[in-house]
Colleague: 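I have a structure here, written as structure tokens, and I will follow up with some questions on it.
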Protein chains: 2
Amino acid sequence: MTTATRNRWAEHALGKLQAAGYRRGGARTAVVEALSRHDCAVTALELDDELRRRKVGRASIYRALEQLEQLGLLRRLEASRGVASYERIEPGGEHHHHAICSQCGRMIPFEDASLERAIHAVSDRMSFDAAEHEVTIRGRCDRCA
Amino acid sequence: MTTATRNRWAEHALGKLQAAGYRRGGARTAVVEALSRHDCAVTALELDDELRRRKVGRASIYRALEQLEQLGLLRRLEASRGVASYERIEPGGEHHHHAICSQCGRMIPFEDASLERAIHAVSDRMSFDAAEHEVTIRGRCDRCA
DNA sequence: ATGACTGCAAAGCCTTTGCACGCAA
DNA sequence: TTGCGTGCAAAGGCTTTGCAGTCAT
């Protein structure tokens, strides 16, 4: 993941927000910038920590996350029990999935072409208009084994 | 999914609970029975509806679900936003995944052998001790398209 | 000037915990 | 008899909503 990729997402996101009729508010822009600094899933509360000093309210963070998700710019995941986390959706389609250690909570990203192929084949076969998909593997990581 | 399969799970679950040192309480048994009647994910609140007339408290349902999950008898999923749902883990290993319609919320189960193979290959390659995995496809179902 | 955007505080909702009573072993 | 199991009610924790002031357009 390069800096160029992150900026590409941020520009893409800001453009799409504008196209959707949203104004360029300070809080929302701060959320987009914060998200562009993360390469894996972040929770709303983690973003709140990062943005508190910039005087961004928690409610604005949740509102921005919801809008970004609606526009297909963010993927919402359940990281730990009952906590949502968010991850950029790259305009190019590149993405990864997660292996989560049940013991230490570590989240290990991975990608696999044949897994992607299998998923696409399934959605085609079901005549389901798939927009997103997520794969989560749970178990014990090598450090905890 | 046959009645025999459901009963197999219930017996398997009750046996494993006993082996883990749990007593055969009425509420827990009621939860196991209720779960054995569902072939796809159910939420705790749905179970609560079903078990209210049997005078089972909501807290007992949540407690039973957590114990069953710990023992590897149940898989916890996030169905709708912020709501957990639970699904039996069959002793035989057979299982399905879900396509969820973002518009109507319908949950369509599916299974695919090559998808399973790809997932196993990935976890082997990562030296991650995978106990469970879940695949969720999100988009628009054929009825809503 | 108009109405979207924002922060703060309050409310919501699912889930967990505390506690005293009841029941399994 | 012992202490796990249970129901009820209260507390928790993340997320959403209401509202009045502020800012983008």
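Because only heavy atoms are used, hydrogens play no part in the values below, and waters and symmetry mates are left out as well, while side chains stay in. Computed from a prediction, not measured in an experiment: that's the story for all the values here.
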Colleague: What parts of residues 65-83 of chain B reach DNA chain D, counting only heavy atoms under 4.0 Å away?
Modeller: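 Heavy-atom contacts with DNA chain D come from B:R81.
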Colleague: Please identify each residue that fulfils side-chain hydrogen bond (donor to acceptor under 3.5 Å, both in side chains) with A:R63, with sequence neighbours left out.
Modeller: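 By the side-chain hydrogen bond (donor to acceptor under 3.5 Å, both in side chains) rule, A:R63 matches no residue at all.
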Colleague: Mind listing the N/O atom pairs, protein and nucleotides 18-24 of chain D, below 3.5 Å?
Modeller:
residue, atom, partner, partner atom, Å
D:dA24, N3, A:R23, NH1, 3.0

Colleague: So if I take every side-chain heavy atom of A:L45 and compare against C:dG7, C:dC14, D:dT15, which nucleotide ends up nearest?
Modeller: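 When the side chain of A:L45 is considered, D:dT15 is the closest of C:dG7, C:dC14, D:dT15.
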Colleague: Would you mind listing every ring-ring contact (aromatic ring centres under 6.0 Å, His included) that reaches into residues 121-145 of chain A, with sequence neighbours excluded?
Modeller: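 Every pair satisfying ring-ring contact (aromatic ring centres under 6.0 Å, His included) with a residue in residues 121-145 of chain A: A:H95-A:H133, A:H97-A:H133, A:H120-A:H133.
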Colleague: Please list, chain by chain and in numerical order, all residues satisfying side chain to side chain contact (heavy atoms under 4.5 Å, CB included) with A:E11, sequence neighbours excluded.
Modeller: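 In terms of side chain to side chain contact (heavy atoms under 4.5 Å, CB included), with neighbours along the sequence ignored, A:E11 is linked to A:N7.
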Colleague: Given C:dT16, D:dT15, C:dT6, identify the nucleotide with an atom nearest to the side chain of B:Y62.
Modeller: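 Given the options C:dT16, D:dT15, C:dT6, the side chain of B:Y62 is closest to C:dT16.
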Colleague: So what is the end-to-end bend of the helix from C:dA1-D:dT25 to C:dA25-D:dT1, with 5 pairs used at each end and the value given to 10 degrees?
Modeller: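 That helix has its two terminal axes inclined by roughly 40°.
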Colleague: Output all residues satisfying side-chain hydrogen bond (donor to acceptor under 3.5 Å, both in side chains) with A:D48, sequence neighbours left out; order by chain, then residue number.
Modeller: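 Once residues adjacent in sequence are excluded, the partners of A:D48 under the side-chain hydrogen bond (donor to acceptor under 3.5 Å, both in side chains) criterion are A:R52, A:R58.
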Colleague: Apply the hydrophobic cluster definition, ILVMFWY joined by side-chain contacts under 4.5 Å directly or through others, and give me every member besides A:Y62.
Modeller: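 A:L45, which link up through side-chain heavy atoms under 4.5 Å apart, make up the rest of the cluster.
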Colleague: Please identify each residue that fulfils side-chain hydrogen bond (donor to acceptor under 3.5 Å, both in side chains) with A:T29, with sequence neighbours left out.
Modeller: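 Not a single residue meets the side-chain hydrogen bond (donor to acceptor under 3.5 Å, both in side chains) criterion with A:T29.
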Colleague: Test of understanding: with side chain to side chain contact (heavy atoms under 4.5 Å, CB included), list the residues that count as partners of B:A84, not counting sequence neighbours.
Modeller: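 Side chain to side chain contact (heavy atoms under 4.5 Å, CB included) list for B:A84, sorted by chain: B:R76, B:Y86.
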Colleague: Under the side chain to side chain donor-acceptor pair (under 3.5 Å) rule, what pairs show up with a residue in residues 12-26 of chain B, not counting sequence neighbours?
Modeller: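 Found none.
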Colleague: Filter on salt bridge (charged side-chain N to carboxylate O under 4.0 Å, His left out), then keep only pairs touching residues 109-122 of chain A, sequence neighbours left out; what's left?
Modeller: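 Listed by first then second residue: A:D112-B:R125.
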Colleague: Looking only at side-chain atoms of B:Y22, point me to the closest of C:dT15, C:dT6, D:dG5.
Modeller: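 The listed nucleotide nearest to B:Y22's side chain is D:dG5.
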